[in-house]
There are 2 protein chains.
Amino acid sequence: MRLSTKGRYAVTAMMDIALHQRVGPVTLADISQCQGISLSYLEQLFAKLRKGGLVEGVRGPGGGYRLARPANQISVADIIQSVDEKLDMTKCGGRGNCSQGEKCLTHQLWFELSCNLYRFLSEIKLDQYVNRPDINELVKKQDIQYGRFLNRPQAIA
Amino acid sequence: MRLSTKGRYAVTAMMDIALHQRVGPVTLADISQCQGISLSYLEQLFAKLRKGGLVEGVRGPGGGYRLARPANQISVADIIQSVDEKLDMTKCGGRGNCSQGEKCLTHQLWFELSCNLYRFLSEIKLDQYVNRPDINELVKKQDIQYGRFLNRPQAIA
DNA sequence: TAAATTCCTGACTAATTTAGTCAGGAATTA
DNA sequence: TAATTCCTGACTAAATTAGTCAGGAATTTA
């Protein structure tokens with residue numbers, strides 16, 4: 001069982017945006033450099049996040065992406081599902097027709113696993129991590145290392 | 001996030017064996033036909049399950065595979081890990097060097113998810129499902145449909 | 001209005017993983 | 001000795017993931 005980088009990248013990028021909310025929109029170029037994710041690939045992911053209603057794009061200089069709703073209303077489950085990762089572990093998509101129209105031997109097991117997983121991830125909202133001191137330490141370090149937001153008046157205020 | 005058929009097949013096959021424990025060893029040919037899994041592919045999986053110490057092979061006519069230890073001591077986590085599926089969702093394998101030698105922004109998140117997942121799956125033992133009436137119903141149906149164990153004296157006793 | 005910046009889109013390619021095939025050998029039982 | 005079944009390794013096909021590339025659209029700033 002694995003999490004593809006697709007889901008991992010999406011959550012990381014969203015976290016980056018959430019952590020810089022007060023600074024204003026965050027560019028994909030910044031996220032790309034800072035988190036080590038290909039820019040073109042990020043663009044693909046953000047097309048989905050936008051369709052999923054999680055972010056808003058702001059074009060032009062000074063633009064970037066920002067959260068479409070407050071960080072405490074965006075869960076990790078929302079993000080992962082937006083980029084097409086399923087949280088459903090059943091073979092049949094929960095329909096119960098996995099073995100010749102009937103439930104297979106392990107249907108119940110995967111179903112319960114999926115519920116557990118979904119419950120866990122949908123209870124974690126972005127703001128929980130944004131408010132953690134250890135995470136904020138990390139971000140500050142990164143920002144300095146890459147000289148982010150030096151050209152943004154808002155960032156200083 | 002997804003569970004590959006590798007893990008799903010392995011757990012299904014193990015469940016099949018556990019459910020027929022009293023009948024004796026179960027052949028891969030039977031599992032293949034009954035659960036709709038390619039025989040050659042099953043053989044690959046069982047090579048790993050054997051190396052993982054979860055099953056024992058019995059060669060020759062009347063042979064097959066049986067559990068290497070009691071069903072209440074084999075967890076779903078054991079099975080999945082035996083066939084090389086990881087339950088670790090971190091990028092770094094838990095080492096914490098995901099972002100230039102340091103923990104990445106989302107390290108903690110994936111780490112906690114992995115713990116949750118592992119805890120859940122390692123608490124589910126095969127015997128829990130073996131003792132469920134609904135599952136036993138299913139198996140009985142399957143056995144009749146495919147005429148399994150008609151040639152086994154033990155099965156009748 | 002022109003130039004710079006940034007989002008935005010779609011088509012394409014490369015790499016990896018998953019799933020499955022095939023051929024043949026080894027042990028065991030009857 | 002013949003049948004059955006495990007057991008192994010090498011190979012192939014399909015799917016998914018990850019990433020590239022080229023170019024256009026909107027917006028801001030000078």
Side-chain angles (χ1 to χ4, degrees), chain A residues 1-10 12-13 17 23-33 35-52 54-68 80 83-86 91 148-154, chain B residues 1-10 12-13 17 23-33 35-52 54-68 80 83-86 91 148-154:
Chain A
M1 199 147 69
R2 61 190 270 272
L3 180 68
S4 67
T5 70
K6 192 160 45 166
R8 208 195 314 276
Y9 284 174
T12 302
I17 294 175
V23 181
V26 177
T27 70
L28 293 189
D30 268 359
I31 297 176
S32 166
Q33 186 183 26
Q35 309 300 339
I37 306 173
S38 138
L39 175 58
S40 307
Y41 196 42
L42 270 177
E43 286 181 335
Q44 280 181 50
L45 299 182
F46 272 77
K48 291 180 179 170
L49 291 171
R50 210 167 48 81
K51 275 174 200 152
L54 299 185
V55 295
E56 290 170 348
V58 181
R59 298 190 184 191
Y65 279 98
R66 63 173 159 237
L67 303 183
I80 291 183
V83 294
D84 289 347
E85 292 249 36
K86 307 281 183 248
K91 180 186 186 176
R148 280 171 92 172
F149 307 114
L150 297 178
N151 55 342
R152 296 245 181 138
Q154 314 98 303
Chain B
M1 198 148 64
R2 60 190 271 271
L3 180 66
S4 67
T5 70
K6 191 161 46 165
R8 209 194 315 276
Y9 283 174
T12 302
I17 293 176
V23 181
V26 177
T27 70
L28 293 189
D30 268 0
I31 297 176
S32 166
Q33 186 184 24
Q35 309 299 340
I37 307 172
S38 138
L39 175 58
S40 306
Y41 197 42
L42 270 178
E43 288 181 333
Q44 280 181 51
L45 299 182
F46 271 76
K48 290 179 180 171
L49 292 171
R50 210 167 48 79
K51 276 174 201 154
L54 299 184
V55 294
E56 290 170 347
V58 181
R59 298 190 184 190
Y65 278 97
R66 63 173 160 239
L67 302 183
I80 291 183
V83 294
D84 288 346
E85 292 248 39
K86 306 280 182 247
K91 181 186 189 180
R148 280 171 93 172
F149 307 113
L150 298 178
N151 57 343
R152 296 243 182 143
Q154 313 97 302

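In what follows, every chain begins at residue 1, and chains take the letters A, B, ... in the order their sequences are listed.
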Report the residues that fulfil salt bridge (charged side-chain N to carboxylate O under 4.0 Å, His left out) with A:Arg148, sequence neighbours left out, ordered by chain and then residue number.
A:Asp16, A:Asp30, A:Asp143
Using a 4.0 Å cut-off on heavy atoms, which residues in residues 37-45 of chain A reach DNA chain D? List them by number, or say none.
A:Ser38, A:Ser40, A:Tyr41, A:Gln44
Sequence neighbours excluded and cut-off under 3.5 Å, please list the side-chain donor-acceptor pairs for residues 45-52 of chain A, or say none.
| unit_1 | atom_1 | unit_2 | atom_2 | d |
| --- | --- | --- | --- | --- |
| A:Lys48 | NZ | A:Asp84 | OD2 | 3.0 |

State, to 0.1 Å, how close B:Val83 and B:Ala10 come at their nearest heavy-atom pair, and which atoms those are.
CG1-CB, 3.8 Å
Spacing of A:Ile31 atom CD1 relative to C:dT5 atom C1', expressed in whole Å
16 Å
For B:Leu49 and D:dT8, what is the distance between atoms CG and P respectively, to the nearest whole Å?
13 Å
Applying side chain to side chain contact (heavy atoms under 4.5 Å, CB included), can you list everything that pairs with B:Leu3, at least two apart in sequence or on another chain?
A:Met1, A:Met89, A:Trp110, B:Arg8, B:Ile80, B:Glu85
Measuring to OP1 and OP2 of D:dG19, would you say a side-chain N or O of A:Tyr9 lies under 4.0 angstrom away?
yes
Closest non-hydrogen atom pair, B:Ile31 against B:Ala13
CG2-CB, 4.0 Å
Options C:dA19, C:dC7, D:dC7, nucleotide nearest the side-chain atoms of B:Tyr65
D:dC7
Taking pairing as Watson-Crick or G-U wobble with both contacts under 3.5 Å, can you name the mate of C:dT13, or confirm there isn't one?
D:dA18
Counting only Watson-Crick or G-U wobble pairs whose two distances fall under 3.5 Å, which nucleotide matches D:dT27?
C:dA4
Find the distance B:Leu3:CG to D:dA15:P and express it as a whole number of Å.
19 Å
Between C:dA19 and B:Ser4, is there an OP1 or OP2 to side-chain N/O distance shorter than 4.0 Å?
yes
Distance, rounded to the nearest Å, where A:Lys6 contributes NZ and C:dT17 contributes P:
16 Å
Can you measure B:Arg2 atom CZ to D:dA15 atom P for me and round it to whole angstrom units?
12 Å
Can you name the salt bridge (charged side-chain N to carboxylate O under 4.0 Å, His left out) partners of B:Glu56, sequence neighbours left out?
B:Arg66
Ignoring backbone atoms, establish whether B:Thr5 has a side-chain N or O less than 4.0 Å from OP1 or OP2 of C:dT18.
no
Kindly write out the residues that satisfy side chain to side chain contact (heavy atoms under 4.5 Å, CB included) with A:Thr5, not counting sequence neighbours, or none if the list is empty.
A:Tyr9, A:Tyr41
In whole angstrom, give the distance that lies between atom CD of A:Glu85 and atom P of D:dT16.
12 Å
How does protein reach along nucleotides 25-30 of chain D, written 5' to 3' as B (base within reach of a heavy atom under 4.0 Å), S (only sugar-phosphate), or - (no contact)?
BSBB--
Take atom CZ of A:Phe149 and atom P of C:dT6, then tell me their distance rounded to the nearest Å.
11 Å
Heavy atoms of B:Pro25 and B:Gly62 approach each other most closely as CG-O, 4.0 Å
Using only side-chain N and O atoms of B:Arg50, determine if any of them is under 4.0 Å from OP1 or OP2 of D:dC6.
no
Would you kindly give the NZ-to-P distance between A:Lys86 and D:dT16, to the nearest whole Å?
11 Å
Give a yes or no on whether the backbone of A:Ile37 and the side-chain of A:Ser32 come within a donor-acceptor separation of less than 3.5 Å.
yes
